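Quick caveat, the model's predicted, so the values are computed rather than measured. In what follows, every heavy atom counts, from backbone to side chain, and hydrogens, waters and symmetry copies are set aside.
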Amino acid sequence: MRKKLKLITMLIAGICCTSIFVGCGKSSQASAEKESKEVVVWSYLMDNEVAELDKIAQEWAKENGKKVKVIKDNSPFQSFLQAANSSKGPDLVFGLTHNNMGTFQQAGLLLEVPKDFANREDYVNNAVWDAVSYDGKAYGVPLSMETYALFYNKDKVKEIPKTMEDLVKQAKAYGPSGFQFSMNEFYYGAAFVQSYGGYIFGGEKGNTKVDDIGLANDGAIKAYSFLQDLVKKDKFMSADITADIANSSFKAGEAIFYIGGPWDISGFKDAGVNFGVAKLPKINSVEAKTLMGVQAGFVSSKSPIQDDAWKLMKYLANNTGERLYNVGNRVPVLKSELNKDQIKNNEFTQGFIAQTSSAVPIPNVPEIEAVWKPMENMTRILSGEDPATVAKDIEKAVKDGIKVSNN
């Protein structure tokens with residue numbers, strides 16, 4: 001899911017860059033010509049989740065004497081921006097990962113969430129609202145959240161480690177492959193960089209400063225050195241470790257610790273692994289700062305029926321939590337949903353929920369796309385190159401990528 005949504009982001013961003021002025025002069029006319037008063041919803045969730053979403057949306061439609069059409073949007077064949085400026089555009093988008101919203105925000109397609117839409121105290125934490133905010137204003141509604149955490153083999157781990165140093169010690173005592181994860185993916189490596197004092201972009205919450213890059217500061221370099229030691233000194237994994245290799249190692253019992261997400265659960269269950277999920281141990285003496293994704297919804301500024309769209313959004317936000325958890329393991333963001341027995345009693349889900357307390361939302365600006373490719377230089381560090389030298393190359397590549405995307 002995470003990789004799929006990242007692909008959607010890149011596709012939308014690419015199309016938007018070339019089409020941002022297409023049809024802008026006709027947007028008002030196109031909206032006015034929208035014949036149907038049905039609320040059109042586009043969703044980026046999985047097929048079974050969209051089917052459940054449609055059921056819930058139709059319940060609202062029946063209760064309110066309205067019409068609703070829910071569409072699974074695949075994006076490669078059509079840009080949201082182009083559609084939003086035509087009579088075929090959606091009124092409401094549901095289930096878009098928050099870091100994909102920056103392109104839409106810059107194009108002026110997001111409406112600010114009404115002040116009385118929700119009581120933020122009803123939500124798990126403020127971070128889920130920070131994820132959908134720009135300049136301190138919310139332009140999306142948080143719906144569910146995801147991050148990664150520590151998987152451990154219950155048959156072989158007698159005490160869950162409290163620090164990363166303790167984890168390394170236990171893993172080394174077990175065997176050469178005792179600790180595995182996809183180190184080459186910055187999505188996971190970011191937990192170490194951020195916990196050591198590095199960061200992707202600076203700025204206040206909801207007000208990202210993309211010219212302030214913290215991927216080559218002292219903290220980031222210390223994190224790179226720690227990760228390098230896991231390969232060169234501790235020899236837990238090779239420099240070209242992949243998610244599939246790490247996953248298979250945990251399934252086979254070769255690794256007793258693994259860092260992964262909710263998407264890994266079913267595979268480990270099917271493999272018969274007796275495992276648990278816990279919050280990552282402290283890194284550099286602080287609570288591990290993993291990256292967090294927030295699935296969100298927003299109402300299009302081009303919709304001619306915005307009042308109905310907001311009413312439907314409110315109904316969906318309040319009624320999809322439990323049902324999408326049942327069909328897609330989406331972790332809700334409302335406290336009322338998180339307090340339901342089926343979630344409170346699920347030890348795997350509780351592990352991920354615990355991790356969200358110190359997780360950091362992925363920056364929600366388009367410039368985040370300039371980060372992923374340069375961070376592939378992590379392989380050079382894991383292969384033994386000087387972390388400080390590679391860090392400078394990473395920072396320069398990110399800056400160059402941002403310049404290209406902004407031109």
Side-chain angles (χ1 to χ4, degrees), residues 1-2 41 43-64 70 92 94-98 113 116-132 138 140-151 154 160 260-270 275-280 287 290 292-297 311-359 361:
M1 173 62 70
R2 177 170 46 80
V41 181
S43 180
Y44 293 87
L45 300 177
M46 302 301 289
D47 290 347
N48 62 331
E49 295 172 311
V50 173
E52 190 65 26
L53 173 65
D54 186 39
K55 292 178 183 177
I56 301 169
Q58 298 310 325
E59 291 168 6
W60 175 85
K62 185 176 181 180
E63 290 176 10
N64 293 276
V70 177
L92 186 158
F94 188 97
L96 184 75
T97 303
H98 78 277
V113 178
D116 60 350
F117 182 88
N119 179 1
R120 299 192 181 189
E121 294 299 317
D122 294 338
Y123 287 74
V124 60
N125 54 43
N126 288 328
V128 297
W129 282 99
D130 294 336
V132 296
V141 178
L143 304 167
S144 60
M145 58 186 178
E146 65 182 17
T147 190
Y148 43 97
L150 180 70
F151 286 75
K154 287 186 172 182
I160 301 173
W263 44 87
D264 291 309
I265 290 176
S266 60
F268 293 153
K269 281 184 176 180
D270 293 343
F275 69 94
V277 177
K279 188 173 183 177
L280 282 181
E287 299 294 335
T290 56
M292 178 170 69
V294 176
Q295 283 72 44
K311 289 174 183 176
L312 174 57
M313 175 70 81
K314 191 174 187 68
Y315 185 87
L316 295 177
N318 291 333
N319 292 279
T320 55
E322 181 178 8
R323 290 166 69 171
L324 289 182
Y325 175 77
N326 289 336
V327 300
N329 291 315
R330 299 281 176 184
V331 179
V333 292
L334 283 170
K335 292 177 182 178
S336 59
E337 298 291 338
L338 296 175
N339 286 328
K340 291 182 177 179
D341 288 343
Q342 64 172 328
I343 294 180
K344 288 175 64 176
N345 297 331
N346 187 312
E347 63 170 315
F348 305 138
T349 301
Q350 287 303 311
F352 293 112
I353 292 174
Q355 185 59 54
T356 63
S357 65
S358 59

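Between Asp264 and Tyr148 the shortest side-chain heavy-atom distance does not fall below 4.5 Å. A heavy-atom distance below 4.5 Å is found between the side chains of Met313 and Phe117.
One finds a salt bridge joining Glu337 and Lys340 here, because a Lys/Arg side-chain nitrogen approaches an Asp/Glu carboxylate oxygen to under 4.0 Å.
Judged by distance alone, with hydrogens and angles left aside, the side-chain atoms of Glu287 form no donor-acceptor pair with the main-chain N or O of Ser358 at under 3.5 Å. The backbone N or O of Gly261 lies less than 3.5 Å from no partner atom in the side chain of Glu146, so there is not a single donor-acceptor pair. With hydrogens and angles disregarded, no donor-acceptor distance shorter than 3.5 Å links the side chain of Asn329 to the backbone of Trp263. At distances below 3.5 Å, at least one donor-acceptor pair connects side-chain atoms of Asn125 with backbone N or O atoms of Val128. Using a distance-only test at 3.5 Å, with no hydrogens or angles considered, no donor-acceptor pair links the side chain of Thr97 to the main chain of Gly293. A donor-acceptor pair is defined here as one N or O able to donate and one able to accept, closer than 3.5 Å; no such pair exists between the side chain of His98 and the backbone of Val132. A donor-acceptor pair is defined here as one N or O able to donate and one able to accept, closer than 3.5 Å; such a pair exists between the side chain of Asn318 and the backbone of Lys314.
The nearest pair of heavy atoms linking Ala149 to Gln355 is CB-CB, 4.3 Å. Scanning all heavy atoms of the two residues, the minimum distance from Gly140 to Trp129 falls at O-CZ3, 3.6 Å. Pairing each heavy atom of Leu143 with each of Gly95, the nearest pair is CD1-N, 3.8 Å. The two residues Asn64 and Trp60 come nearest to each other via the heavy atoms ND2-O, 2.8 Å. Between Met292 and Ala127, the shortest heavy-atom distance links the atoms CE-CB, 3.8 Å. Minimum heavy-atom separation, Tyr123 to Asn119: CD1-O, 3.5 Å.
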Dump the intermediate steps for side chain to side chain donor-acceptor pair (under 3.5 Å) on Gln58 and Asp54, then the final yes or no.
CA-CA 6 Å; Gln58 298 310 325; Asp54 186 39; 3.0 Å; yes
Side chain to side chain contact (heavy atoms under 4.5 Å, CB included) evaluation trace for Leu53 with Leu316
CA-CA 8 Å; Leu53 173 65; Leu316 295 177; 3.8 Å; yes
Could you walk me through whether Gln342 and Tyr325 pass the side chain to side chain contact (heavy atoms under 4.5 Å, CB included) check?
CA-CA 10 Å; Gln342 64 172 328; Tyr325 175 77; 4.1 Å; yes
Dump the intermediate steps for side chain to side chain contact (heavy atoms under 4.5 Å, CB included) on Ser144 and Val331, then the final yes or no.
CA-CA 5 Å; Ser144 60; Val331 179; 5.6 Å; no
Just do the side chain to side chain contact (heavy atoms under 4.5 Å, CB included) check on Leu338 and Val124 with the steps written out, would you?
CA-CA 8 Å; Leu338 296 175; Val124 60; 3.8 Å; yes
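Taking the six-membered ring for Trp and thresholds of 30 and 60 degrees, Phe268 and Phe151 have ring planes more than 60 degrees apart, a perpendicular arrangement.
With Glu49 as reference, Arg330 is the one residue of Arg323, Gln295, Arg330 to meet the side chain to side chain donor-acceptor pair (under 3.5 Å) rule.
Atom CD1 of Ile56 is separated from atom CG of Leu312 by 10.5 Å, given to the nearest 0.5 angstrom. Here the CG atom belonging to Asn48 is positioned 9.0 Å from the CG atom belonging to Leu324, to the nearest 0.5 angstrom. To the nearest 0.5 angstrom, Thr290 atom OG1 is 10.5 Å from Phe352 atom CZ.
Side chain to side chain, Thr349 and Lys344 fail the donor-acceptor criterion of an N or O pair below 3.5 Å. The closest side-chain donor-acceptor pair between Thr356 and Thr147, if any, does not fall under 3.5 angstrom. Tyr315 and Thr320 share no donor-acceptor pair across their side chains, judged by distance under 3.5 Å alone.
Within 6.0 Å of NZ in Lys335 there are more than 12 heavy atoms belonging to other residues, nucleotides or ligands. In this structure, Lys154 places its NZ atom where more than 12 heavy-atom neighbours from other residues, nucleotides or ligands lie under 6.0 Å away. The environment of CD in Glu121 is sparse: at most 12 heavy-atom neighbours from other residues, nucleotides or ligands sit within 6.0 Å.
Proximity of the aromatic rings of Phe94 and Tyr44 is defined here by a centroid distance below 6.0 angstrom, and this criterion is not met.
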